Amino acid sequence: MAKIQFELSAKPSKAEKHAKGQSGFVSVAARWVIERSNAWVERCKSLVKNFDRTLARSNAKLKLCFIRLMLKRLATA
């Protein structure tokens with residue numbers, strides 16, 4: 001089994017925020033991508049309500065969810 005490695009994105013310090021003229025919450029690019037992807041997955045009702053017995057089936061449903069999302073965006077373009 002392959003090991004999963006995570007890369008944490010650094011939070012901007014108060015000095016860095018002050019230098020850029022920002023204050024309060026500043027979104028981090030890498031974290032934003034993950035949260036947006038999770039929100040898209042939650043729209044697929046089959047993934048939210050059903051719990052599959054095998055990882056392969058869950059993985060297939062996840063891929064179908066993203067394929068549906070891509071096709072929907074291509075159809076509007």
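All of these numbers come straight from a predicted model, not from anything done at the bench.
- Shown here is R68, whose CZ atom has more than 12 heavy atoms of other residues, nucleotides or ligands within 6.0 Å.
- Here L71 contributes atom CG and L64 contributes atom CG; the two are 10.5 Å apart, rounded to the nearest 0.5 Å.
- Between the CE atom of M70 and the SG atom of C65 there is a distance of 10.0 Å, given to the nearest 0.5 Å.
- The environment of L55 atom CG is sparse: at most 12 non-hydrogen atoms of other residues, nucleotides or ligands sit within 6.0 angstrom.
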